[in-house]
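Following: one structure in structure tokens, then a few remarks.
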There are 2 protein chains.
Amino acid sequence: MRLSTKGRYGLKAMFDLTVNNGSEPISLNNIAKRQDISEHYLEQLMAILRKSGLVQSVRGAYGGYILARKPSEITVGDILRALEGPIGLVDCVLEKDAVECMKYQDCITRIVWEKIRDSIIETIDSITLQNMYDESRKHK
Amino acid sequence: MRLSTKGRYGLKAMFDLTVNNGSEPISLNNIAKRQDISEHYLEQLMAILRKSGLVQSVRGAYGGYILARKPSEITVGDILRALEGPIGLVDCVLEKDAVECMKYQDCITRIVWEKIRDSIIETIDSITLQNMYDESRKHK
DNA sequence: ATAAATCCGACCAAAATGATAGGGATTAGG
DNA sequence: CCTAATCCCTATCATTTTGGTCGGATTTAT
């Protein structure tokens with residue numbers, strides 16, 4: 001029941017963009033170094049985040065990435081859905097594109113997976129990048 | 001963010017033992033057929049559940065498995081922990097044996113993983129096999 | 001023009017997953 | 001005692017996923 005590094009690195013990178021949020025775009029190289037992630041691998045994750053509309057890229061010299069929306073309008077759920085796909089612990093109980101199995105109707109274990117999924121969703125959709133930023137200021 | 005089949009099959013098998021709970025032990029073969037799981041593979045999962053003290057085995061002809069405790073005293077959390085290991089989405093935020101990373105102290109994303117983990121734990125520890133059984137009766 | 005960046009597609013090694021195989025040990029019933 | 005049923009154990013393995021790496025094309029500030 002582990003997240004892949006996509007979700008882990010992705011949240012780190014998005015939080016990095018939040019902390020260093022300004023007029024200038026932030027380069028991959030900078031994020032990768034600060035967060036200790038392989039630059040080339042992070043590149044692939046940023047491509048996904050860009051296609052999902054969570055970041056915008058600026059090409060060319062002195063380019064980089066910036067958040068596509070205000071930190072208060074991007075949730076942890078947005079990021080995890082983009083990188084990890086629909087939320088859920090089993091394929092027959094996802095938010096979307098769930099693969100119904102044969103015994104779908106009578107399956108009691110399904111109800112358990114639904115409850116777990118819903119508790120995860122409630123949590124990740126209630127935390128924004130802004131919330132995380134505020135939290136980090138408190139800790140200083 | 002998917003569970004392996006260990007957890008999925010394991011819960012199915014444990015629920016099967018609950019429904020067919022009686023004086024007689026239930027054979028692997030029966031569980032496997034009813035739940036549509038490879039018998040040999042299920043055998044490995046039952047070995048784990050047995051070593052975790054969740055089921056008892058009866059060897060020899062007409063042997064099989066029975067729940068080690070009352071269904072009301074076995075939670076979904078017990079089963080998932082046995083089969084999937086300590087609960088948590090990332091290695092640095094597990095219930096136990098967490099692997100602290102270098103930047104552990106300042107890591108803000110960690111707080112997010114903790115909240116998700118705790119919401120999962122709260123859910124899985126609040127559902128017993130008896131709860132599931134009661135639910136299944138209602139659906140009939 | 002040049003250097004700093006993103007963009008893109010292909011490839012790849014290691015680990016995890018979901019089994020399968022084969023035999024040994026135990027026990028109920030005839 | 002014999003046999004069939006059943007759990008127990010270790011080893012092996014094919015496939016998929018993961019977590020990258022590589023090399024070059026494209027874009028743009030200076």
Side-chain angles (χ1 to χ4, degrees), chain A residues 1-13 17 20 23-52 54-68 80 83-85 89-91 99 101, chain B residues 1-13 16-17 20 23-68 80 83-85 89-91 99 101:
Chain A
M1 199 204 296
R2 300 288 179 275
L3 216 58
S4 75
T5 52
K6 285 184 188 169
R8 253 193 318 136
Y9 290 175
L11 184 58
K12 275 188 168 194
L17 286 182
N20 300 102
S23 50
E24 244 87 295
I26 313 293
S27 75
L28 261 185
N29 183 274
N30 273 316
I31 305 175
K33 268 190 191 146
R34 268 194 298 263
Q35 303 301 328
D36 197 30
I37 302 173
S38 146
E39 182 178 341
H40 250 63
Y41 185 49
L42 181 58
E43 191 178 352
Q44 295 173 47
L45 307 188
M46 295 308 290
I48 298 174
L49 292 171
R50 177 173 51 82
K51 286 168 190 163
S52 304
L54 296 176
V55 300
Q56 286 179 345
S57 64
V58 178
R59 301 187 67 173
Y62 296 88
Y65 296 89
I66 52 173
L67 296 178
L80 292 185
L83 293 166
E84 301 271 343
L89 290 186
V90 303
D91 284 339
V99 184
C101 60
Chain B
M1 199 206 293
R2 300 287 178 276
L3 216 58
S4 76
T5 52
K6 285 184 189 168
R8 255 194 315 137
Y9 292 175
L11 183 58
K12 276 187 166 193
D16 190 279
L17 286 181
N20 300 102
S23 50
E24 245 86 296
I26 314 293
S27 75
L28 260 185
N29 184 272
N30 274 314
I31 305 174
K33 269 191 191 145
R34 268 195 298 263
Q35 303 302 328
D36 196 30
I37 302 172
S38 146
E39 184 178 340
H40 245 59
Y41 184 49
L42 181 58
E43 192 178 354
Q44 295 171 49
L45 307 187
M46 295 308 291
I48 297 173
L49 292 171
R50 176 173 51 81
K51 285 167 190 163
S52 305
L54 296 177
V55 301
Q56 285 180 344
S57 64
V58 179
R59 302 186 68 173
Y62 298 88
Y65 295 90
I66 52 173
L67 296 178
L80 292 185
L83 292 165
E84 302 271 342
L89 290 186
V90 303
D91 283 339
V99 183
C101 59

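Just so we're on the same page: letters track the sequence lines, and every chain starts at 1.
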Should we count NZ of B/Lys12 as having more than 12 external heavy atoms under 6.0 Å?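 Atom NZ in B/Lys12 is crowded, with more than 12 foreign heavy atoms closer than 6.0 Å.
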Looking at B/Glu39, I'd like to know if its CD atom is crowded, meaning that more than 12 non-hydrogen atoms belonging to other residues, nucleotides or ligands lie closer than 6.0 Å.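 Yes, CD of B/Glu39 has more than 12 neighbouring heavy atoms, counting only those of other groups under 6.0 Å.
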So B/Arg50, base contact, sugar-phosphate only, or nothing? Heavy-atom distance under 4.0 Å.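 It contacts sugar-phosphate atoms only.
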Among B/Val55, B/Leu49, B/Ile66, the one residue meeting side chain to side chain contact (heavy atoms under 4.5 Å, CB included) with B/Leu17: B/Val55
Regarding C/dT6, can its base be found pairing with the side chain of A/Arg59 as donor and acceptor, where the two atoms are less than 3.5 Å apart? yes
4.5 Å side-chain heavy-atom contact, [X] and [Y]:
| X | Y | value |
| --- | --- | --- |
| A/Arg34 | A/Ile26 | yes |
| A/Asn20 | A/Asn30 | no |
| A/Pro25 | A/Tyr65 | no |

Which listed nucleotide (D/dA29, D/dA5, D/dT18) is nearest to the side chain of A/Ser4?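 The closest nucleotide is D/dT18.
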Counting side-chain heavy atoms from CB outward, which of D/dT6, D/dA5, C/dT6 is closest to B/Ser27?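 Shortest atom-to-atom distance from the side chain points to D/dT6.
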Please tell me which of A/Met1 and A/Ala61 maps to the more 5' nucleotide of DNA chain C, matching each residue to the nucleotide holding its nearest heavy atom. A/Ala61
Let me know, please, whether A/Lys51 or B/Glu84 comes out on the 5' side of the other along DNA chain C by nearest nucleotide.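 Its nearest nucleotide lies further toward 5', so the answer is A/Lys51.
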To the nearest angstrom, how far is [X] atom [atom1] from [N] atom [atom2]?
| X | N | atom1 | atom2 | result |
| --- | --- | --- | --- | --- |
| B/Met46 | D/dC8 | CE | C1' | 13 Å |
| A/Tyr65 | C/dA4 | OH | P | 18 Å |
| A/Leu49 | C/dC7 | CG | P | 12 Å |
| A/Leu42 | D/dC22 | CG | P | 17 Å |
| B/Leu45 | C/dT17 | CG | P | 12 Å |
| A/Tyr62 | C/dA3 | OH | C1' | 8 Å |
| B/Ile26 | D/dC7 | CD1 | P | 10 Å |
| A/Ile37 | D/dG20 | CD1 | P | 9 Å |

Where the side chain of A/Ser52 meets the backbone of A/Leu54, is there a donor-acceptor pair that is under 3.5 Å apart? no
Report each atom pair, protein N/O against N/O of nucleotides 19-21 of chain C, whose distance is under 3.5 angstrom.
from, atom 1, to, atom 2, distance (Å)
C/dA19, OP2, B/Tyr9, OH, 2.8
C/dT20, OP2, B/Ser38, OG, 3.0
C/dT20, O4, B/Gln44, NE2, 2.6
C/dA21, N7, B/His40, NE2, 3.4

